[in-house]
Amino acid sequence: MDSITLHLAQYLASKAHWEVYVTAECKPSQKVESSPWQEGGITYLPLSPITSKCSWPAICQLRRYDSCYCFDLIYSVGSSGLSNALLATLGRRGKHIGYRGTGARVRRWDPTYYLGVLNPRVTHLICETEHIRSYMEHFIPPSKLSVHTKPFALEWTQEAAREPLHPKADRPISLRLVSVANTLGRPYKGLTTLVEAINLIADPSLSLVLVGDYSGADYALAMRGPVPECFHFVGPSSEAMRYIAGAEVYVLPSYRDASPRVLREAMALGLPTIVSNIPGSRDLIVPGYTGLLAEPRDPTDLARQICWMQEHPEERRLMGERSREHLEQHYALEPYLQGLHQLFASILGVELDESSPSILSSSVSP
């Protein structure tokens with residue numbers, strides 16, 4: 001479970017209307033037979049790992065839990081969790097809410113979609129962005145769709161801000177850039193475009209940190225270019241946020257994305273951003289005020305935006321300050337929690353000033 005889902009569960013558990021249950025997937029080495037436990041007003045239900053859209057051990061356990069607790073509402077934050085929850089509750093009365101946080105295309109001819117997001121038993125689908133909602137209207141009635149973009153609390157970056165990371169350099173650095181993404185086998189993340197942009201600028205005073213896995217082809221493109229010393233391939237790291245804190249500009253060159261959390265992390269740390277001009281990414285920034293837009297798959301335009309940041313240090317500093325303020329004003333945690341609280345209540349027909357309890361389950365997939 002990510003921190004936002006945990007905050008949602010805790011928020012609901014603090015309200016008189018809800019009894020909250022959260023599935024807690026066990027590692028293969030752990031005993032799934034352990035009893036449910038309570039913590040912070042939430043009941044945690046041990047569950048076998050969900051490894052596919054039809055994980056039968058998990059389905060059997062979920063059905064037993066539903067028989068015991070009679071869930072009124074089940075919120076699944078991933079497609080596999082949603083599919084397993086739907087199979088586990090066949091013939092039961094509980095309503096299902098799903099979540100769609102990706103801009104990937106839905107394939108009608110693929111039956112696995114009908115196990116989850118396109119299943120007619122899904123009562124409501126929460127979409128991460130307006131673009132995703134508009135696209136899903138081709139498959140699901142608009143009345144069953146809503147947009148709730150995930151928030152980000154500024155305090156989540158405090159530790160990283162105290163201990164920033166950036167590779168040491170043996171030369172003067174004019175601009176420190178960072179990009180975080182697992183790009184191996186995912187060309188739409190735009191790493192090739194970013195490497196080509198740095199090669200076009202060919203300025204050894206630039207420094208670019210790349211956090212996440214990557215392909216040998218992109219690494220070779222960087223090392224064989226005119227400024228191999230500019231590139232620092234860190235690989236996968238649990239210290240990604242500290243690397244963001246150690247930079248001056250965050251670059252997101254994806255040409256397909258939804259509403260990337262890492263962009264919120266950069267904004268919370270006070271970094272100006274350069275993002276591709278695509279739905280989702282561009283919706284998080286204010287172009288020319290908190291960051292800049294670059295045309296997707298266009299290394300020349302991306303190089304132009306990087307050079308602007310390099311040549312305007314005071315303007316980029318102000319952009320970073322505004323970026324943090326924009327995040328605080330428009331992506332705060334409390335309104336998001338209140339919005340989902342109201343949505344869940346309306347789906348069940350619960351008046352929020354009534355004292356009669358209802359039951360919510362947060363079914364969490366990996």
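- Atom OG of residue Ser76 and atom CD1 of residue Ile97 lie 9.5 Å apart, to the nearest 0.5 angstrom.
- Although no hydrogens or angles enter the test, the distance criterion places a donor-acceptor pair under 3.5 Å between the side chain of Asn182 and the main chain of Asp213.
- Side-chain atoms of His330 do not come within 3.5 Å of backbone N or O of His326 as any donor-acceptor pair.
- Placement of Leu293 and Met319 in two distinct hydrophobic clusters is found when ILVMFWY residues are connected by side-chain heavy-atom separations under 4.5 Å, directly or transitively.
- Residues His17 and Glu351 approach most closely at CE1-O, 3.5 Å, considering heavy atoms.
- The aromatic ring centres of Tyr65 and Tyr21 sit 6.0 Å or more apart.
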Candidate pair Arg317 and Glu321, rule salt bridge (charged side-chain N to carboxylate O under 4.0 Å, His left out), full reasoning: CA-CA 7 Å; Arg317 184 189 65 79; Glu321 292 179 358; 2.4 Å; yes
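- His96 contributes atom NE2, which lies 12.0 Å from atom CD1 of Ile347 (distance to the nearest 0.5 angstrom).
- Glu159 has no carboxylate O lying under 4.0 Å from a charged side-chain N of Arg162, or vice versa, which leaves the two without a salt bridge.
- Here the straight-line distance linking atom CG of Leu118 with atom OG of Ser79 works out to 11.0 Å at 0.5 Å rounding.
- Ring geometry for Phe152 against Trp156 counts as perpendicular: the plane angle is over 60°, on a 0 to 90° scale with 30° as the lower cut.
- Annotation for Arg261: atom CZ counts as buried by contact number, over 12 foreign heavy atoms lying within 6.0 Å.
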side-chain hydrogen bond (donor to acceptor under 3.5 Å, both in side chains) evaluation trace for Arg92 with Ser67: CA-CA 9 Å; Arg92 304 292 175 84; Ser67 297; 3.0 Å; yes
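- Side-chain N or O atoms of Arg107 include none that pairs as donor or acceptor with a backbone N or O of Thr112 at under 3.5 Å.
- Enclosure of atom CZ in Arg224 is not indicated, since only 12 or fewer non-hydrogen atoms of other residues, nucleotides or ligands lie within 6.0 angstrom.
- With contacts defined as side-chain heavy-atom distances shorter than 4.5 Å, the pair Asn199/Phe231 qualifies.
- In this structure, Arg324 contributes its side chain and Met267 its backbone to no donor-acceptor pair below 3.5 Å.
- With hydrogens and angles ignored, the 3.5 Å screen pairs a side-chain donor or acceptor of His7 with a backbone N or O of Ser3.
- Ring geometry for Tyr188 against Tyr255 counts as perpendicular: the plane angle is over 60°, on a 0 to 90° scale with 30° as the lower cut.
- Between Val178 and the choices Leu165, Leu271, Leu210, Val249, the side-chain contact (heavy atoms from CB on, under 4.5 Å) rule is met once, by Leu271.
- Taking each heavy atom of Gly98 and Tyr75 in turn, the nearest pair found is O-CE1, 4.2 Å.
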Test salt bridge (charged side-chain N to carboxylate O under 4.0 Å, His left out) applied to Glu229 and Arg171, step by step: CA-CA 10 Å; Glu229 64 272 27; Arg171 64 193 188 284; 5.1 Å; no
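- Minimum interatomic distance between Ile50 and Ser80 (heavy atoms only, all atoms of both residues): CG2-CB, 3.8 Å.
- The side-chain tip of Lys53 points at the ring of Tyr113 from less than 6.0 angstrom away and within 45° of straight on.
- The nearest pair of heavy atoms linking Ser281 to Ser276 is CB-O, 4.0 Å.
- Leu208 CG to Phe233 CZ: the interatomic distance, rounded to the nearest 0.5 Å, is 7.5 Å.
- At least one donor-acceptor pair under 3.5 Å links the side chain of Arg63 to the backbone N or O of Ala88.
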Salt bridge (charged side-chain N to carboxylate O under 4.0 Å, His left out) between Glu325 and Arg322, worked out: CA-CA 5 Å; Glu325 292 169 359; Arg322 296 170 191 150; over 6 Å; no
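- Within the model, atoms CG of Leu115 and CG of Leu82 stand 9.5 Å from one another, a figure rounded to the nearest 0.5 Å.
- In the hydrophobic cluster analysis, where Ile, Leu, Val, Met, Phe, Trp and Tyr join through side-chain heavy atoms closer than 4.5 angstrom, Val20 is grouped together with Leu348.
- With rounding to the nearest 0.5 Å, the separation of CG in Leu175 from CD in Gln310 is 6.0 Å.
- Contact detail for Ala85 and Ile74: the closest heavy-atom pair is CB-CG2, 4.1 Å.
- Hydrophobic clustering keeps Tyr219 apart from Leu200 (ILVMFWY residues linked when any side-chain heavy atoms are closer than 4.5 Å, directly or through intermediates).
- Among all heavy-atom pairs drawn from Arg316 and Glu248, the shortest one is NH2-OE2, 3.3 Å.
- Put simply, Val251 and Ile285 are part of two different groups of oily side chains (I, L, V, M, F, W, Y) that touch within less than 4.5 Å, one to the next.
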Check against salt bridge (charged side-chain N to carboxylate O under 4.0 Å, His left out), Arg304 and Asp301: CA-CA 5 Å; Arg304 187 179 302 116; Asp301 192 40; 2.6 Å; yes
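- Classified by interplanar angle (parallel below 30°, tilted 30° to 60°, perpendicular above 60°), the ring pair His138/Tyr135 is tilted.
- Remark: side-chain polar atoms of Gln61 are paired, donor with acceptor, to backbone N or O of Ser48 under 3.5 angstrom.
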